[in-house]
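Notes follow once the structure below has been shown.
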Amino acid sequence: MVKTKTVVRLGEHELAISHPDKTIWPEAGITKLKYVQLLAELAPFLLPYAEGRYLTTIRYPEGIHGVSFYQKNGPEPIPDYVRTAKSGSINYVVLDSVRTLLWMGSLYSLEFHVSSDEIGQPLPNTWMLDIDPSVGEEPRIMEATEHVLQALDSLGLSAMAKTSGATGVQVVMPIERGPDFDALRRFGKFLSEYLVARHPRLFTVERLKKDRGDLIYLDYLQHYAGKTLPAPYSPRARPKATVSTPLTRDEVRRDVKPTDFHLLNVPQRLRERGDPLAAAPRQSLGPVIDHLLGDKRK
């Protein structure tokens, strides 16, 4: 059997892609070479949300319907242009360059999950709430998202939604540094319990999936040091090649579907419209937390 290889040029650098014609997303018709090319288009938008954070990837060597595995330790051998960062016994890849991203793509890394905490920085610069459906197809997901955004509006705070690329949504709020992760978790708990009280037929904070019924889980626990969520513009190993995509408020209100955003249309969307999350202003969340919950950080 002859092994095929294609060389991709990145300026003065080259990356050899083995098995370029291997189908990765059969339903979307995306081969390995096409995937690496699409990653190059996503790179300017994905990398700002991954650099400086610990990276966990999910690799699918035979495509999305084959065996997969999570990888935290950088895969050996690590090229000399790839930066790494140690945390405990794990040597994480730092996803901070196009070359590194495409190298990871060439190793069948189809999802890029990044840590809530930043490397060498204990105070977070983002608050997030994970909105997690309990059923596979949740027609109320954008209704639920709008309720979360309205609750934040009522507190004088502005946030943005992004699809997870799977079935859920994350509400993302860039913040000024100050509150630590424990303070952010208390705020997330307060907001989530308020929403459950207001909309008991829609939301739950029940951690065990078997006890949620068809309610939508507000997971305020997932945003914490050491925990990960899909980076904005990360692909997902789903049949439609969906991508975790920031949404405008108008799109949330128009009830778009997470499956509307995928590898075959998100690059053009970004070329035409740019990244709305990049323009989101940083919120001063510390005073709000102190007012609502008291200053328990000291």
Query raised in the report: Do the side chain of Asp180 and the main chain of Asp182 share a donor and acceptor less than 3.5 angstrom apart?
Result: yes

Query raised in the report: Is there a donor-acceptor pair closer than 3.5 Å between any side-chain N or O of Arg212 and the backbone N or O of Arg207?
Result: yes

Report task. Determine yes or no for a side-chain-to-main-chain donor-acceptor pair under 3.5 angstrom, with Thr242 supplying the side chain and Gly165 the backbone. Result -> yes

Query raised in the report: Sub-3.5 Å donor-acceptor pair from the side chain of Asp117 to the main-chain atoms of Gly226, do we have one?
Result: yes

Query raised in the report: Looking at Glu251 and Arg273, does any basic side-chain N land under 4.0 Å from a carboxylate oxygen?
Result: yes

Query raised in the report: Taking atom types as modelled and ignoring hydrogens, do the side chains of Glu146 and Gln150 form a donor-acceptor contact shorter than 3.5 angstrom?
Result: yes

Report summary line: Checking Ile58, Leu42, Leu47, Leu39 against Phe112 for side chain to side chain contact (heavy atoms under 4.5 Å, CB included), the one that qualifies is Leu39

Query - Side-chain ion pair, Arg254 and Asp260, N-O less than 4.0 Å - result: no

**Report entry** Side-chain heavy-atom pair Arg271, Glu41 within 4.5 angstrom cut-off
**Finding:** yes

Query - Candidate pair Leu218 and Ile131, rule side chain to side chain contact (heavy atoms under 4.5 Å, CB included), full reasoning - result: CA-CA 5 Å; Leu218 295 175; Ile131 307 174; 4.1 Å; yes

Query raised in the report: Considering all heavy atoms of both residues, which atom of Tyr108 and which atom of Ser18 are nearest to each other, and what is their separation?
Result: OH-O, 4.4 Å

Query raised in the report: Is there a donor-acceptor contact under 3.5 Å from the side chain of Ser192 to the main chain of Lys189?
Result: no

Query raised in the report: Any donor and acceptor pair, going by atom type alone, linking the side chain of Thr167 with main-chain N or O of Gly136 inside 3.5 Å?
Result: no

Query raised in the report: Quick one: CG on Leu270 to CD on Glu272, what's the gap to the nearest 0.5 Å?
Result: 9.5 Å

Query - Reported CD-to-OG distance for the pair Glu51 and Ser97, which is rounded to 0.5 angstrom - result: 9.5 Å

Requested in this report: Walk me through it: do Arg185 and Tyr220 pass the test side chain to side chain contact (heavy atoms under 4.5 Å, CB included)?
Outcome: CA-CA 6 Å; Arg185 180 170 280 188; Tyr220 61 85; 4.0 Å; yes

Query - Aromatic ring proximity Phe181/His223, centre distance under 6.0 Å - result: yes

Query raised in the report: Should the ring pair Tyr49 and Tyr233 be called parallel, tilted or perpendicular, given that the plane angle runs from 0 to 90° and is split at 30 and 60?
Result: tilted

Requested in this report: Kindly indicate whether the side chain of Lys32, heavy atoms from C-beta on, has any atom under 4.5 Å from the side chain of Ile17.
Outcome: yes

Query raised in the report: Taking it one step at a time, do Leu264 and Trp25 satisfy side chain to side chain contact (heavy atoms under 4.5 Å, CB included)?
Result: CA-CA 11 Å; Leu264 298 178; Trp25 279 273; over 6 Å; no

Query raised in the report: Would you find more than 12 non-hydrogen atoms of other residues, nucleotides or ligands less than 6.0 Å from Arg177 atom CZ?
Result: yes

Query raised in the report: Roughly how far apart are Lys72 NZ and Tyr92 OH, rounded to 0.5 Å?
Result: 4.5 Å

Query raised in the report: Which atoms form the tightest heavy-atom contact between Pro20 and Thr6, and what is the distance?
Result: CG-OG1, 3.2 Å

Query raised in the report: Hey, what's the ring geometry for Phe203 with His147, parallel, tilted or perpendicular (30° and 60° as the breaks)?
Result: perpendicular

Query raised in the report: Do Thr163 and Lys257 meet the criterion of a side-chain donor-acceptor pair at a distance under 3.5 Å?
Result: no

Query raised in the report: Measuring from Asn91:CG to Tyr54:OH, what's the distance to the nearest 0.5 Å?
Result: 10.5 Å

Query raised in the report: With no hydrogens and no angle check, is any side-chain donor or acceptor of Arg282 less than 3.5 Å from a backbone partner on Asn125?
Result: yes

Query - Over all atoms of both residues, closest heavy-atom pair of Pro26 and His65 - result: CG-CD2, 3.6 Å

Requested in this report: Indicate whether the side chain of Ser116 and that of Lys227 have a donor and an acceptor atom separated by less than 3.5 Å.
Outcome: no

Report task. Decide side chain to side chain contact (heavy atoms under 4.5 Å, CB included) for Leu33 and Val8; before the verdict, give the C-alpha distance in whole Å, the side-chain angles of both, and the deciding distance to 0.1 Å. Result -> CA-CA 9 Å; Leu33 179 59; Val8 175; 4.0 Å; yes

